[in-house]
Amino acid sequence: MSETITPTQPTDLHQQMRQAVKDKALSILKMDDKVKRLSKDIDDGDTNLFFLEMFGKQVMFTSKLITSLQTAFGMSFYEQISKTLGEMVGYEVHNQYKLTGYIHSNFKSYLDTLLEDVRYAPSRQSEYQRIQEIHEEIKAEIGNLDTIPDSTVDVFIKKPDDTEIYIDITTVKPNKKEFRTMKQKILKWYILRLSHGDITPDKIHTYIAIPYNPQSKTDNTYTRWSEYYDREDLLVGNELWQLVSGNQFSLQDMIEVFREIGQESKSDIEKAVRLSD
């Protein structure tokens, strides 16, 4: 799914999306409150005296502000933005969606054998095909449709054409163990949803999503620990934002929104630092 990122063409809906993302970011980040509070904290001695003398107040203030913003931001921001964008194009969207279903012992054996094989070569198409075949073999034995420990979905989307999308949003640099765990999780989601028996396999799409490519702002090439997943399992950067927004919002839009927030906050930050020098 690698591609070069191109800007989304402006429309009224596109502008509304940018404003909605900005409003959501500001409500989570609370920039004004943090600028005032952190500046006062430094004045009250809540910082390392020696580092303050070494780097100066502006650097120390900026460091504390970034740490505070990262804590407030969290992964839930991406989930909330996905929900906002999806609903604006008429999708049904839920965060932390509890997916129910049944995993037959045959599926447990299949997953254990597949993912523990040292020769494992990821293939989304063949894996999902095999799951469909096993489903046909055991569908008469499906039991109670319940939740399981891995059945909470970060972002669930249902489109008007009944396509269902299940997304697990993760950090931009997962390790190989995390990739293996996430791969197993999205396969389980596919099995769980199929077990309901009221949807065709082509309408179920499960993904691991990475909010942006840490190696590039201009394309979605991503190969980190690629032996543990099929690239088609991943939504990287622009792929995620285009999917959840119906191609109305891009990674570049996200970048520009945060650049705008930074520019608007710059004078307040500089003022806060000057007043307490």
Side-chain angles (χ1 to χ4, degrees), residues 1 78-115 122-170 179-210 228-236 239-249:
M1 300 183 74
Y78 302 119
E79 298 174 20
Q80 293 175 54
I81 291 302
S82 296
K83 185 175 191 294
T84 297
L85 295 174
E87 289 177 341
M88 291 181 78
V89 291
Y91 298 161
E92 176 187 340
V93 189
H94 300 277
N95 293 147
Q96 297 299 299
Y97 179 78
K98 300 296 184 182
L99 176 61
T100 62
Y102 181 79
I103 297 185
H104 191 277
S105 59
N106 288 18
F107 280 126
K108 294 177 182 177
S109 297
Y110 169 68
L111 292 179
D112 288 343
T113 302
L114 176 74
L115 297 175
S123 172
R124 182 182 178 90
Q125 183 175 355
S126 63
E127 289 159 6
Y128 283 18
Q129 179 61 43
R130 182 59 186 139
I131 288 172
Q132 293 168 31
E133 293 169 355
I134 296 173
H135 173 73
E136 289 300 314
E137 296 167 3
I138 58 86
K139 62 182 180 181
E141 303 172 26
I142 292 176
N144 294 332
L145 305 178
D146 297 318
T147 58
I148 63 171
D150 285 334
S151 65
T152 301
V153 181
D154 289 339
V155 181
F156 164 69
I157 297 173
K158 185 172 184 178
K159 294 185 176 183
D161 67 355
D162 292 329
T163 295
E164 296 183 5
I165 301 169
Y166 298 83
I167 303 173
D168 187 30
I169 300 181
T170 186
F179 265 126
R180 179 65 66 90
T181 299
M182 290 184 291
K183 173 68 178 188
Q184 183 179 65
K185 184 189 298 185
I186 64 171
L187 288 174
K188 284 182 178 179
W189 289 352
Y190 190 84
I191 293 167
L192 288 170
R193 185 61 187 93
L194 202 58
S195 70
H196 283 251
D198 61 353
I199 190 170
T200 57
D202 62 298
K203 293 292 187 181
I204 307 170
H205 302 274
T206 65
Y207 296 104
I208 301 164
I210 296 169
Y228 295 98
Y229 56 87
D230 187 319
R231 182 61 180 81
E232 294 300 311
D233 292 326
L234 293 190
L235 298 171
V236 178
E239 296 163 354
L240 170 63
W241 305 118
Q242 291 276 284
L243 179 65
V244 301
S245 69
N247 297 315
Q248 295 296 315
F249 190 86

Exercise for the section: To the nearest 0.5 Å, tell me how far I157 CD1 sits from S82 OG. Expected result: 6.5 Å
Fill in the blank from the handout: Closest heavy-atom pair, I199 versus R193, reported as atoms and distance to 0.1 Å, is CG2-NH1, 3.7 Å
Exercise for the section: Run the numbers on L194 and Y128 for side-chain contact (heavy atoms from CB on, under 4.5 Å), then give the verdict. Expected result: CA-CA 11 Å; L194 202 58; Y128 283 18; over 6 Å; no
Practice task
Kindly indicate whether the side chain of D154, heavy atoms from C-beta on, has any atom under 4.5 Å from the side chain of Q96.
Solution key: yes
Handout entry: Sequence-distant partners of E136, side-chain contact (heavy atoms from CB on, under 4.5 Å), two or more places apart
Key = K139
Practice task
May I ask you to test the W189-D168 pair for a side-chain heavy-atom distance under 4.5 Å?
Solution key: yes
Exercise for the section: Write down the atom of S195, the atom of G101, and the distance for their closest heavy-atom approach. Expected result: OG-CA, 3.3 Å
Problem - Name of the residue among H135, E137, E141 meeting side chain to side chain donor-acceptor pair (under 3.5 Å) with H104 - result: E141
Exercise for the section: Measure across L234 and F179 and return the closest heavy-atom pair with its distance rounded to 0.1 Å. Expected result: CD2-CE2, 4.0 Å
Exercise for the section: Tell me, please, which residues at least two apart from E92 pass salt bridge (Lys or Arg N to Asp or Glu O under 4.0 Å). Expected result: none
Completion exercise
Rounded to the nearest 0.5 angstrom, the NZ-OG1 distance for K185 and T152 is 8.0 Å
Practice task
Give the minimum heavy-atom separation between V89 and V244, together with the two atoms involved.
Solution key: CG2-O, 4.2 Å
Practice task
Could you grab the distance from atom CG of D150 to atom CG of L99, nearest 0.5 Å is fine?
Solution key: 11.0 Å
Problem - Cationic N near anionic O, under 4.0 Å, E133 to R130 - result: yes
Exercise for the section: Applying side-chain contact (heavy atoms from CB on, under 4.5 Å), run through I167 and V153 and close with a yes or a no. Expected result: CA-CA 6 Å; I167 303 173; V153 181; 5.5 Å; no
Practice task
Go through the steps for F107 and L187 under the test side-chain contact (heavy atoms from CB on, under 4.5 Å), then give the verdict.
Solution key: CA-CA 10 Å; F107 280 126; L187 288 174; over 6 Å; no
Practice task
On the 0 to 90° scale, with breaks at 30° and 60°, tag the H205-Y207 ring pair as parallel, tilted or perpendicular.
Solution key: parallel
Exercise for the section: Report the relative orientation of the aromatic rings in Y166 and F156; use parallel for angles under 30°, tilted for 30 to 60°, perpendicular for over 60°. Expected result: tilted
Practice task
Decide yes or no on side-chain contact (heavy atoms from CB on, under 4.5 Å) for H196 and T100, but give the supporting numbers first.
Solution key: CA-CA 8 Å; H196 283 251; T100 62; 3.1 Å; yes
Practice task
Look only at the side chain of R124 and the backbone of E127, and say whether a donor-acceptor pair between them is shorter than 3.5 Å.
Solution key: no
Problem - Set of side-chain hydrogen bond (donor to acceptor under 3.5 Å, both in side chains) partners for K203, sequence neighbours left out - result: none
Problem - Heavy-atom side-chain contact between P160 and Y91 under 4.5 Å - result: yes
Problem - Spacing of E79 atom CD and H94 atom NE2 [to the nearest 0.5 Å] - result: 14.0 Å
Practice task
Name the orientation class of the two ring planes belonging to W241 and F249 (parallel below 30°, tilted from 30 to 60°, perpendicular beyond 60°).
Solution key: perpendicular
Practice task
Could you pull out the closest heavy-atom pair between I165 and L243, with the gap in Å?
Solution key: CD1-CD1, 3.9 Å
Problem - Any side-chain donor near an acceptor of the partner, Y190 and Q132, under 3.5 Å - result: yes
Practice task
Might you confirm whether atom CG of D198 has over 12 heavy atoms from other residues, nucleotides or ligands at distances under 6.0 Å?
Solution key: yes
Completion exercise
Here the pair of heavy atoms bringing I191 nearest to L111 is CD1-CD1, 4.1 Å
Practice task
Please examine the side chains of Q242 and L85, heavy atoms only from C-beta on, and report whether any two atoms are closer than 4.5 Å.
Solution key: no
Handout entry: NZ/NE/NH1/NH2 to OD/OE distance under 4.0 Å, K83 and E87
Key = yes
Practice task
Kindly compute the distance separating CG (L114) from OG (S126), expressed to the nearest 0.5 Å.
Solution key: 8.0 Å
Practice task
Apply salt bridge (Lys or Arg N to Asp or Glu O under 4.0 Å) to the pair D146 and K98, showing each step before the final yes or no.
Solution key: CA-CA 9 Å; D146 297 318; K98 300 296 184 182; over 6 Å; no
Handout entry: Euclidean distance, Q184 CD relative to L115 CG, rounded to 0.5 Å
Key = 5.5 Å
Handout entry: Within-4.5 Å side-chain heavy-atom neighbours: L240 and I210
Key = no
